[in-house]
Amino acid sequence: MEQTETYHYQIMRRAIAAIDAAGDQPLSLADLAADMKMSPAHFQRLFSSWVGVSPKRYQQYLTLGHAKALLRDRFTTLDTAHAVGLSGSGRLHDLFVRWEAMSPGDYARDGSDLRIYWGWFESPFGPALVMGTDRGICGLAFAAEAGPEPTMADMTSRWPQATYIEDPASLRPWAMAALGMTGETQLHMLGAPFQLKVWEALLSIPSGHVTTYSEIAQAVGNPRAVRAVGTAVGRNPVSWLIPCHRALRKSGALGGYHWGLPVKRAMLAWEAARVDATATIG
């Protein structure tokens with residue numbers, strides 16, 4: 001990653017973390033800018049260019065009631081006809097994603113014939129571990145809550161027979177498209193058939209919108225399998241791109257998130273802010 005891009009990622013990560021940590025106590029623009037060692041005007045321009053709204057407005061999206069508001073105002077009913085199946089493409093947060101599924105036989109072998117490349121990259125949601133095969137990204141995890149070593153151990157345990165090679169350079173174009181939200185990236189999804197159906201249903205949820213676990217169960221043709229859907233959502237290996245953060249409980253509660261609820265809340269806030277900013281411009 002270019003030095004300027006890395007710097008901006010770090011600024012956004014620190015700012016979002018500071019806003020989230022403040023909870024219900026809003027931080028002033030001056031205080032946030034001082035924490036980032038920037039002038040208020042410069043910080044506001046940088047933050048707004050990334051998130052689409054001012055830091056003050058963004059803080060409103062991080063409140064605990066925001067998930068309930070999303071469920072009320074931006075609930076997405078998934079169309080079963082488009083959600084079921086193992087091929088297709090989705091557009092999410094201005095990012096074209098092409099994806100293909102691993103065969104059931106390959107999955108059953110725990111990745112024994114796979115070479116998986118990996119590298120660490122900065123993101124607005126903390127350090128991101130990106131993994132990929134020759135066909136595309138197969139893993140995207142966030143280490144802000146768990147830390148780098150547990151995150152790496154978690155991801156490698158999913159395909160224990162694979163050969164892992166540190167090679168961030170080969171992953172950089174895909175990683176920059178995924179984390180920079182521009183350009184095109186490709187996914188190589190490694191999962192069981194039921195998991196793949198759930199993950200494709202997640203791709204049907206538009207950026208800035210949410211749905212429920214029961215809606216996803218309905219979409220994959222098994223409306224009683226809400227618990228199994230929840231498990232499949234939690235096992236999604238490509239967080240953010242396969243947007244498991246957009247799945248909520250019927251009550252409006254956030255539910256769980258494998259990489260930590262602060263990360264999930266930040267992702268939902270980021271997307272909602274971008275959608276509102278685009279609507280205002282339009």
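Screening Trp270, Phe142, Trp259 for a ring-ring contact (aromatic ring centres under 6.0 Å, His included) involving Trp240 leaves a single residue, Trp270.
Here the shortest heavy-atom pairing between Tyr164 and Thr156 reads OH-O, 3.2 Å. A pairwise comparison of heavy atoms in Ala201 and Ile216 identifies CB-CG2, 4.1 Å as the closest pair. The two residues Phe43 and Ala33 have their closest heavy-atom pair at CB-CB, 4.0 Å. When all heavy atoms of Ser157 and Pro160 are compared, the pair lying nearest together is O-CD, 3.4 Å. Smallest separation of non-hydrogen atoms from Thr151 and Ala141: CG2-CB, 3.6 Å. Taking both residues in full, the closest heavy atoms of Pro223 and Gln218 are given as CB-OE1, 3.3 Å, listed atom of the first, atom of the second, then distance.
A donor-acceptor pair is defined here as one N or O able to donate and one able to accept, closer than 3.5 Å; such a pair exists between the side chain of Gln186 and the backbone of Arg135. Looking only at distances, no side-chain donor or acceptor of Glu215 sits under 3.5 Å from a matching main-chain atom of Thr212. Put simply, the side chain of Trp199 gets close to the backbone of Ala232: a donor and an acceptor are under 3.5 Å apart. Checked by atom type and distance alone, the side chain of Arg235 never pairs as donor or acceptor with a backbone atom of Gly191 at under 3.5 Å.
Distance check: Asp167 CG to Trp118 CH2 gives 10.5 Å after rounding to the nearest 0.5 Å. Within the model, atoms SG of Cys138 and CG of Leu114 stand 7.5 Å from one another, a figure rounded to the nearest 0.5 Å. Note: Tyr117 OH to Ile137 CD1 = 14.5 Å, rounded to the nearest 0.5 Å. To the nearest 0.5 Å, the span separating CD1 on Ile116 from NE2 on His188 amounts to 9.0 Å. Atom-to-atom distance recorded for Ser204:OG and Arg246:CZ is 10.5 Å, nearest 0.5 angstrom. Rounding to the nearest 0.5 Å gives a distance of 12.5 Å between CZ of Phe47 and CZ of Arg57.
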Original post:
Where do Val233 and Asn236 land on the side-chain contact (heavy atoms from CB on, under 4.5 Å) test, with the steps shown first?
Top reply: CA-CA 5 Å; Val233 169; Asn236 166 30; 5.7 Å; no

**OP:** Output, in order, the C-alpha distance, side-chain angles, deciding distance and verdict of side-chain contact (heavy atoms from CB on, under 4.5 Å) for His245 and Leu268.
**Re:** CA-CA 7 Å; His245 58 280; Leu268 288 171; 4.1 Å; yes

**OP:** Assess whether side-chain contact (heavy atoms from CB on, under 4.5 Å) is satisfied between Tyr257 and Met267, documenting all intermediate values.
**Re:** CA-CA 11 Å; Tyr257 188 63; Met267 288 177 173; 3.5 Å; yes

**OP:** Could you walk me through whether Leu46 and Met36 pass side-chain contact (heavy atoms from CB on, under 4.5 Å), step by step?
**Re:** CA-CA 11 Å; Leu46 178 61; Met36 303 302 117; over 6 Å; no

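Contact of the Leu179 side chain with the Leu140 side chain is registered, since non-hydrogen atoms from C-beta on lie closer than 4.5 Å. Put simply, the side chain of Leu203 reaches to within 4.5 Å of the side chain of Pro243, judged on heavy atoms. Two residues are said to be in side-chain contact when any heavy atoms from C-beta on lie closer than 4.5 Å; Met131 and Met152 meet this criterion. Pro237 places a side-chain heavy atom less than 4.5 Å from the side chain of Met189.
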